[in-house]
Participant: 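First, the structure itself, so that you have it in front of you.
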Amino acid sequence: MEYIDRLPAMDLMRSEKMMLVQLIIPVESAHRAVSYLGELGLLQFRDLNDDKSPFQRTFVNQVKRCAEMSRKLRFIKEQIHKAGLTPSPSPAPQPDIDLEELEIQLEEHEHGLIEMNANSEKLQQTYNELLEFKMVLQKAGDFLLSTGSHVATQETELAENIHVNDDYAETSSLLEQVGSNFQEMLPGPSNQTGVRFISGIICKSKVLRFERMLFRTTRGNMLFNQAPTDDQILDPATNELVEKIVFVVFFSGEQARVKILKICEAFGANCYPVAEDTIRRRQITREVLSHLSDLETTLEAGLRHRDKALISIGFHLAKWMNMVRREKAVYDTLNMLNFDVTKKCLVGEGWCPIFAKTKIQEALQRATTDSNSQVGVIFHVMHSVESPPTYFKTNHLTNAYQEIVDAYGVAKYQEANPAVYTIITFPFLFAVMFGDWGHGICLLLGALFLIAREKKLGSQKLGSFMEMLFGGRYVLLLMSLFSIYCGLIYNEFFSVPFHIFGNSAYRCRDTTCSDSRSVGLVKYQDTYPFGVDPSWRGSRSELPFLNSLKMKMSILFGIAQMNLGIILSYFNARYFGNSLDIKYQFVPQMIFLNSLFGYLSLLIIIKWCSGSQADLYHVMIYMFLSPFEDLGENKLFWGQNVLQVILLLLAVIAVPWMLFPKPFILKRLHTEISRSVIHGPWNL
């Protein structure tokens with residue numbers, strides 16, 4: 001124990017010592033002081049207004065303004081991405097502006113973009129309507145021309161061969177009525193009994209249901225013609241190209257016309273009037289093409305103007321977003337502070353590392369000077385019985401490992417930091433599982449590339465995957481180095497063995513060497529100097545040997561890491577003076593772990609060193625089932641039977657020792673404390 005007491009206090013491996021401080025900040029320098037402290041990042045404020053809702057706090061209006069500006073910036077960013085542009089990663093030089101000026105600029109930019117989008121949508125909608133009209137004129141004209149030629153032929157046949165009776169109008173089919181009344185196709189008030197038609201355009205995905213509905217509504221008394229459009233049409237709502245179908249519906253009667261128009265409206269079909277006269281149809285087509293050309297020019301000019309405005313905004317977007325985010329964080333922090341009774345100062349409390357006291361005071365002094373305040377900030381150290389927060393000082397190398405450990409759980413204040421040991425154990429255990437010096441070299445090159453371009457990549461906005469890789473660049477570096485080392489031990493280069501450290505210790509049984517992979521090899525010289533002998537690759541016993549090797553290595557490393565964790569718990573208990581954890585947690589855990597799994601690790605090492613053929617599965621299983629039975633050929637050393645019985649008894653004793661005494665002792669201590677509080681001298 002004297003030797004353990006003389007060991008260092010593990011200060012470098014524990015969280016930083018913290019202190020509770022009180023700040024009394026004049027109102028005129030409060031914003032700048034909190035901003036400078038935020039840039040320093042070494043003070044954690046306590047919320048002194050936790051009994052108030054967010055809408056009852058002092059700076060709620062400023063927070064709302066920042067939230068509204070964030071919404072506008074997100075809208076601008078969405079418009080930039082929607083236009084297919086890329087915001088500039090490096091902000092353009094611009095004179096500093098305050099929050100009020102930025103708010104005015106964002107309001108102007110948002111209003112301008114909304115107005116440009118509205119105009120663009122109207123123009124695009126008009127352009128789409130004209131484009132649809134042009135397509136309907138072309139396709140419907142083709143239908144009318146083909147129907148006209150068909151009608152002329154039918155009229156000749158009817159004149160020569162068909163005698164029309166009195167009830168022909170009632171019994172003739174719709175197609176025959178088309179032939180007899182083609183000259184009266186166009187709908188009009190004077191044409192109430194002839195065949196008429198409606199032309200329009202509809203989405204391709206709806207055309208089957210549309211035709212089926214028309215057929216059922218008119219009871220089959222209609223003729224439906226359709227043709228696909230030559231070009232896709234841009235939908236301004238979704239900004240996607242949509243395939244559409246031009247249709248012409250021939251029908252008879254006013255009721256059928258009303259029903260068909262209602263169905264077109266229900267299915268979102270756009271109907272357009274088409275003249276029967278070919279000359280008139282061509283004249284309308286030329287006018288539509290002229291309007292389309294003018295609209296295309298107008299749309300292109302509007303898009304160029306909008307893109308130019310978005311590009312100019314994109315140069316400052318990153319800077320503005322950072323500025324608004326920082327201002328919102330400042331006002332959120334100010335809402336955690338209290339006004340004093342005079343309403344002239346803000347009072348705040350927070351935790352900071354002891355080593356940061358000088359830096360914080362310098363930042364507060366700089367804030368007082370820059371804000372031209374006549375009164376400085378009062379910095380006062382307070383005493384507290386609360387447990388301080390945990391703070392670990394990290395750098396570029398240790399930050400990623402600290403985040404990995406914190407993802408599983410944050411250590412208590414002044415506990416030993418597991419991230420210090422994780423710097424070695426995490427990449428090494430990765431290499432034990434995935435050891436291959438070919439893959440390790442590829443991983444090393446990638447890690448070196450990220451480290452070499454650290455400054456450039458650190459200033460850019462990366463995607464989520466690249467940001468994760470860049471943040472773990474030093475993790476990848478150590479993983480690659482350990483992977484190369486373990487790959488050399490496994491003798492694997494993309495799963496191919498190499499004779500790197502000399503020739504194999506095995507050779508064929510005979511000169512022909514025809515059955516070396518089925519019968520086996522003979523050892524003729526000393527063992528391969530480093531790692532796995534390359535002759536194991538492809539041999540009959542390759543998988544049993546390598547699987548056994550890696551499994552036993554995993555057991556050894558796993559038991560070593562568990563012992564390290566239990567030893568750290570001892571140093572934590574010793575540091576906090578908790579003898580209860582040492583007696584009833586550390587000691588029984590060490591006994592139980594090493595009585596079983598530590599003994600297994602010892603057997604693995606002895607078997608490797610002695611070359612014994614003992615079955616360790618049999619040894620460990622029958623250690624519980626038949627502890628007094630003779631081991632026979634599975635015996636590895638003298639006195640093994642006696643040692644196994646002793647270790648088994650220790651493991652059985654350690655279980656109740658570890659589970660029962662501590663809860664009962666804690667309950668008794670809690671009861672004594674409760675009694676002392678109830679029967680204290682202040683209750684007499």
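For the single chain, residues carry numbers from 1 onward in sequence order.
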Participant: Under the side chain to side chain contact (heavy atoms under 4.5 Å, CB included) test, which residues partner Arg286, sequence neighbours left out?
Facilitator: Arg282, Gln283
Participant: Test the Arg196-Phe251 pair against the cation-pi criterion, namely NZ or CZ under 6.0 angstrom from the six-membered ring centroid and within 45° of the ring axis.
Facilitator: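 No; the conditions do not both hold, so Arg196 does not lie above the ring face of Phe251.
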Participant: Identify the heavy atoms of Asp307 and Ala83 that sit nearest to each other, and give their distance.
Facilitator: OD1-CB, 3.8 Å
Participant: Taking the basic N atoms (NZ, or NE/NH1/NH2) and the acidic carboxylate oxygens, is any pair closer than 4.0 Å for Glu254 and Arg257?
Facilitator: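 Between Arg257 and Glu254 there is a salt bridge, with a charged N closer than 4.0 Å to a carboxylate O.
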Participant: Against Glu68, only a single residue in Arg65, Arg71, Lys64 fulfils salt bridge (Lys or Arg N to Asp or Glu O under 4.0 Å); can you say which?
Facilitator: Arg71
Participant: Go through the structure and list residues passing side chain to side chain donor-acceptor pair (under 3.5 Å) with Arg57, not counting sequence neighbours.
Facilitator: Asp47
Participant: With no hydrogens and no angle check, just 3.5 Å: does a side-chain donor-acceptor pair link Glu327 and His31?
Facilitator: yes
Participant: Is any side-chain N of the basic residue among Asp332 and Lys328 closer than 4.0 Å to the acidic one's carboxylate O?
Facilitator: yes
Participant: Heavy-atom count around Glu39 CD within 6.0 Å, excluding the residue itself: above 12?
Facilitator: yes
Participant: Determine whether the side chains of Glu28 and Ser373 contain a donor N or O and an acceptor N or O closer than 3.5 Å.
Facilitator: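 A donor-acceptor contact under 3.5 Å links the two side chains.
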Participant: Side chains of Glu132 and Tyr127: any donor to acceptor distance under 3.5 Å?
Facilitator: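 There is no such pair (donor and acceptor under 3.5 Å, judged by atom type) between the side chains of Tyr127 and Glu132.
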Participant: Taking all non-hydrogen atoms of both residues into account, name the closest pair between Pro54 and Val60 and its distance.
Facilitator: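 The pair with the smallest heavy-atom distance is O-CG2, 3.5 Å.
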Participant: Please identify each residue that fulfils side chain to side chain contact (heavy atoms under 4.5 Å, CB included) with Lys308, with sequence neighbours left out.
Facilitator: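 Per chain and number, Lys308 pairs via side chain to side chain contact (heavy atoms under 4.5 Å, CB included) with no residue.
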Participant: Can you name the closest pair of heavy atoms from Lys139 and Val246 and give their distance?
Facilitator: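 Shortest heavy-atom contact: CB-CG1, 3.6 Å.
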Participant: Kindly write out the residues that satisfy side chain to side chain donor-acceptor pair (under 3.5 Å) with Asn61, not counting sequence neighbours, or none if the list is empty.
Facilitator: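 Asn61 satisfies side chain to side chain donor-acceptor pair (under 3.5 Å) with no residue once adjacent residues are dropped.
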Participant: Check for a donor-acceptor pair, side chain of Thr298 on one end and backbone N or O of Asp294 on the other, with a separation under 3.5 Å.
Facilitator: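 Yes; judged by distance alone, with no hydrogens or angles, the pair exists.
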Participant: Residues two or more places apart in sequence or in another chain: which of them pass side chain to side chain donor-acceptor pair (under 3.5 Å) with Asn322?
Facilitator: Arg325
Participant: Verify whether one side chain among Asn399 and Tyr474 offers a donor that lies under 3.5 Å from an acceptor in the other.
Facilitator: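 No, Tyr474 and Asn399 have no side-chain donor paired with an acceptor closer than 3.5 Å.
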Participant: Taking side chain to side chain donor-acceptor pair (under 3.5 Å) as the definition, give me every residue that meets it alongside Arg46, ordered by chain and number, with sequence neighbours left out.
Facilitator: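 Arg46 satisfies side chain to side chain donor-acceptor pair (under 3.5 Å) with Glu349, Glu386 once adjacent residues are dropped.
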Participant: Looking only at the side chains, is there a donor atom on one of Glu121 and Asn117 sitting less than 3.5 Å from an acceptor on the other?
Facilitator: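 Side-chain D/A pair, Glu121 to Asn117: absent.
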